[in-house]
Amino acid sequence: MSVKAGGPAGAEQAGQLPSQRADEAQPDKDEPSVADLAAPVVAQSTSSVWSSVRLRLSALTDPSGPARAADSADPADLAAPSEPTEVADVTDASAPALDPMHAAGRYDDQPACEPPTAVGSFESVLAAQEENALEARYREAADAGDAAAASLLGALLLRRGDLDAAEAYLRRAAAAGLRAGANNLGVLLHQRGHREEAGQWWRAAAVAGSAPAAHALGLHLRDHGDEPGAEYWLLQAAEQGHTGGAYALGDLLEHRRDSLRAEKWFRVAAEVGHREAAYRLGRLRETAKDPAGAEPWYRQAAARSHAAAALRLGSVLEARGDRDEAARWYRQAAQAGETRAACAMGFLLRDQGDAVGAADWWREAAEAGDGNAANALGALHDEWGETEMAEQWYRSALEAGDHNGAFNLGLMAAAQGKEATAEQWYRRAAYAGHREASNALAVMLLQRGDTPGAEPWFSKAAEAGSVDAAYNLGILHSERGELHSAQAWYARAAGEGHAAAALQLGVAKERRGDFGTAIVRYRQAADGGSPEGAFRLAVLLERREDETGLRGEDVEQWYRRAAEAGHGRAAVRIGVRAAERGEVREAEHWYRRAAEGGSRSGAFNLGLLLAREGGESEAMRWYAAAAEAGHGRAALRLALIAARRGELREARGWCVRAAELGPEAVTERAERLLEALRAELSA
């Protein structure tokens with residue numbers, strides 16, 4: 001039975017940092033931007049105008065909102081935003097140059113600018129005046145038939161959101177063959193929902209060499225399912241140095257599982273500061289089992305306030321033991337609204353022994369809708385004996401869509417002996433696809449004797465990846481004599497690290513005489529924490545040494561590993577080996593440990609050792625413990641001691657016991673002694 005998800009034992013989805021199904025993406029703007037133009041040449045005094053314009057207009061978005069990258073099962077499913085939202089001031093290199101006076105905006109008849117609505121600085125007033133003056137110059141030139149001025153005026157109006165006024169000027173520029181006008185017209189039409197026409201204008205601009213248009217066209221084709229066409233145009237944009245194009249190309253390639261090429265283009269974008277590209281590059285490196293390679297990219301993105309990158313950076317740092325720095329990044333991500341970071345911070349504190357501090361972070365995340373944190377809180381309150389609070393948080397987790405909540409409610413009900421209630425919760429989680437709930441439900445049905453009802457749930461859990469369920473299916477098939485099927489399920493579980501399954505495979509191989517494979521499987525079981533696996537491995541290695549006369553690896557280390565985990569027979573073996581070396585105290589330690597753990601052989605050997613060392617009184621106590629546990633030689637030894645002391649009736653009783661227990665040699669000796677005792681008693 002699995003431990004509580006999110007509980008102190010670190011269960012299925014709540015141990016440490018959750019296995020991330022995906023991180024909330026916070027993409028930089030990779031939407032098609034207006035134009036491939038440089039900013040108009042303006043006098044130094046107007047630089048503040050353009051910086052303020054860019055600041056005001058950079059957040060311009062389609063009212064319907066861009067298609068943001070969302071949580072998904074795989075980072076490759078994180079799509080680049082497809083809505084063109086950002087407008088850039090542009091000039092087509094092929095367009096006729098504007099009159100320098102127009103470009104600089106140095107006319108004397110500037111229209112008066114609107115007074116600011118709030119008290120502003122002299123710079124803001126001047127910026128507004130200069131912007132209005134520049135617009136007037138563009139308008140005058142455009143109305144006089146200057147296509148380049150029409151393109152610039154259209155871009156300015158598009159940024160401002162005056163789509164009706166912008167469209168006429170941009171159509172005039174596009175019709176004159178200006179690629180900037182065609183690109184910006186595509187942006188405007190896209191914002192208005194005329195996406196097919198937008199695509200036509202982007203294509204015209206892209207063919208003319210516009211990198212932003214190639215980027216926009218690539219996204220447009222991708223969203224229409226034309227991935228080869230999308231790749232072609234995004235590659236054109238990326239090779240011209242368009243950062244958004246490089247990112248979008250990387251995104252497309254990763255979605256198609258072409259990780260090598262995706263990494264190349266993410267790197268191109270990340271190296272010029274694209275934070276989402278840096279984050280995605282970090283994810284690729286981490287997926288490739290290269291956390292050291294992921295770290296610098298996570299750092300780059302996190303330094304630019306990418307919350308998901310800060311979360312992943314914290315996870316990488318925590319995994320290598322840098323907990324203080326990990327906590328700093330978790331805090332940054334949590335403060336940016338990343339609830340999983342608050343949850344991760346809770347687990348970090350819990351592992352450091354600060355359960356109260358952990359609860360504070362979990363509560364913050366749970367109240368923001370994080371089911372994993374709610375489960376962790378429930379498990380913590382359950383551990384504290386506060387069952388009502390535990391149930392409340394488990395229910396909160398379930399309401400947040402985390403079916404661990406139902407599973408944990410089932411575990412809690414089962415612990416309270418409420419089997420009917422537990423079954424209901426297990427079924428709820430199992431029908432939602434929770435693999436461990438499916439396994440728990442199957443175990444419950446099997447214990448009830450409903451094997452036909454249990455088996456489908458074991459199968460469902462195993463197919464979903466539950467190694468416990470795969471092992472349990474192995475047991476079911478083995479009990480029915482279906483050994484081939486049993487071995488297949490054991491192998492499946494062992495392949496996922498299930499120690500008991502590896503042990504079963506080892507036993508089967510040893511029975512068939514395949515000692516080499518048995519050793520491999522026993523070693524796997526031992527490394528997985530199985531004391532029996534370690535013991536059996538040591539026995540086979542010792543047998544191989546005896547047969548070959550060659551000493552290989554240290555056999556005793558495996559006996560010791562098993563013995564330290566409470567394996568009685570292993571403790572006896574260590575005691576025997578120590579006694580053979582004359583290490584009496586070491587032998588006594590292991591015999592006593594085995595005896596106190598219930599080993600009858602340990603008790604008998606301890607008795608022999610104590611008797612040899614002159615402690616017959618204590619030795620008899622351990623002989624008695626061994627005999628009562630079914631050890632024939634111990635019973636015979638007690639009979640001999642009693643006979644020697646003249647306690648004939650007691651000796652007779654132990655003789656009868658020894659004869660019953662055997663083995664054969666002990667039975668024969670006990671019967672001979674019993675005959676002698678009868679003669680003595682009848683004399």
Side-chain angles (χ1 to χ4, degrees), residues 1-15 18 359 362-363 366-367 369-480 482 486 489 493 498 500-501:
M1 188 77 68
S2 296
V3 296
K4 291 180 177 61
E12 184 191 14
Q13 289 187 8
W362 283 333
R363 187 172 293 105
E367 289 173 351
D370 190 297
N372 195 20
N375 270 312
L377 264 179
L380 191 59
H381 284 289
D382 198 4
E383 182 182 322
W384 289 341
E386 300 170 355
T387 55
E388 289 185 6
M389 286 296 294
E391 182 175 346
Q392 175 186 320
W393 285 112
Y394 288 150
R395 289 181 182 273
S396 294
L398 186 57
E399 289 168 4
D402 189 334
H403 291 283
N404 274 317
F407 175 54
N408 287 342
L409 285 166
L411 289 174
M412 192 164 70
Q416 295 168 354
K418 301 174 182 177
E419 290 195 5
T421 302
E423 182 178 342
Q424 290 175 1
W425 286 117
Y426 288 154
R427 284 188 182 276
R428 180 166 177 176
Y431 278 116
H434 194 291
R435 64 189 187 190
E436 297 309 329
S438 298
N439 182 61
L441 175 60
V443 169
M444 180 175 281
L445 294 172
L446 189 64
Q447 290 172 341
R448 190 186 297 166
D450 184 6
T451 303
E455 189 167 352
W457 287 111
F458 278 137
S459 296
K460 184 176 181 179
E463 293 300 337
S466 170
V467 293
D468 287 337
Y471 173 70
N472 289 338
L473 278 171
I475 292 174
L476 274 183
H477 285 282
S478 180
E479 289 177 348
R480 292 203 295 252
E482 300 166 354
W489 284 112
H498 197 289

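- Here Trp425 pairs with nothing under the ring-ring contact (aromatic ring centres under 6.0 Å, His included) rule; sequence neighbours left out.
- Considering CD of Glu391 and CE of Met412, their distance stands at 4.5 Å, rounded to 0.5 Å.
- When side chains are defined from C-beta on, Gln447 counts as touching Val443, because their heavy atoms get closer than 4.5 Å.
- Rounded to the nearest 0.5 angstrom, Asn408 CG and Trp393 CH2 are separated by 14.5 Å.
- When all heavy atoms of Pro452 and Pro456 are compared, the closest pair comes out as O-CD, 3.0 Å.
- Closest of all the heavy-atom pairs between Ala493 and Ala501 is CB-CB, 3.7 Å.
- Considering only residues two or more places apart in sequence or on other chains, Ser466 meets the side chain to side chain donor-acceptor pair (under 3.5 Å) condition with Glu436.
- In this structure Glu386 satisfies the side chain to side chain contact (heavy atoms under 4.5 Å, CB included) test together with His381, Trp384, Met389, sequence neighbours excluded.
- Residue pairs meeting the salt bridge (Lys or Arg N to Asp or Glu O under 4.0 Å) criterion with at least one partner in residues 470-479, sequence neighbours excluded, do not occur; the list is empty.
- Every pair passing salt bridge (Lys or Arg N to Asp or Glu O under 4.0 Å) that includes a residue from residues 449-461 is listed here, sequence neighbours excluded: Glu455-Arg480.
- Scanning all heavy atoms of the two residues, the minimum distance from Ala429 to Ala437 falls at CB-CB, 3.5 Å.
- Taking a 6.0 Å sphere around CD of Glu482, one finds it holds more than 12 heavy atoms contributed by other residues, nucleotides or ligands.
- Considering only residues two or more places apart in sequence or on other chains, Arg427 meets the side chain to side chain donor-acceptor pair (under 3.5 Å) condition with Glu423.
- Residues passing the side chain to side chain donor-acceptor pair (under 3.5 Å) test with Glu463, sequence neighbours excluded: Arg492.
- The heavy-atom pair separating Ala422 from Met444 by the smallest distance is CB-CE, 3.9 Å.
- For the side chain to side chain contact (heavy atoms under 4.5 Å, CB included) test, residues two or more places apart in sequence or in another chain that qualify with Ala442 are Ala454, Trp457, Phe458.
- Taking the side chain to side chain donor-acceptor pair (under 3.5 Å) definition, one finds that Gln416 meets it with Lys418, sequence neighbours left out.
- Looking at Leu398 and Arg428, their side chains come closer than 4.5 Å, going by heavy atoms from C-beta outward.
- With a 4.5 Å cut-off on side-chain heavy atoms, Tyr394 and Asn404 do not count as touching.
- Applying the salt bridge (Lys or Arg N to Asp or Glu O under 4.0 Å) definition to pairs two or more places apart or across chains, none involves residues 369-381.
- In this structure, Asp382 and Ala390 approach most closely via the heavy-atom pair N-CB, 3.6 Å.
- Side chains of His434 and Tyr426 form no contact here, defined as non-hydrogen atoms less than 4.5 Å apart.
- Across every non-hydrogen atom of Ser438 and Ala461, the tightest pair is CB-CB, 3.7 Å.
- For Tyr471, the ring-ring contact (aromatic ring centres under 6.0 Å, His included) partners at least two apart in sequence or on another chain are Tyr490, His498.
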Tell me, with the steps shown, if Trp362 and Asn372 meet side-chain contact (heavy atoms from CB on, under 4.5 Å).
CA-CA 9 Å; Trp362 283 333; Asn372 195 20; over 6 Å; no

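- A search for side chain to side chain contact (heavy atoms under 4.5 Å, CB included) contacts involving Ala462 returns Ala469, Ala470, Leu473, Trp489, not counting sequence neighbours.
- Side-chain contact between Leu446 and Asn472 is absent, with no heavy atoms from C-beta onward closer than 4.5 Å.
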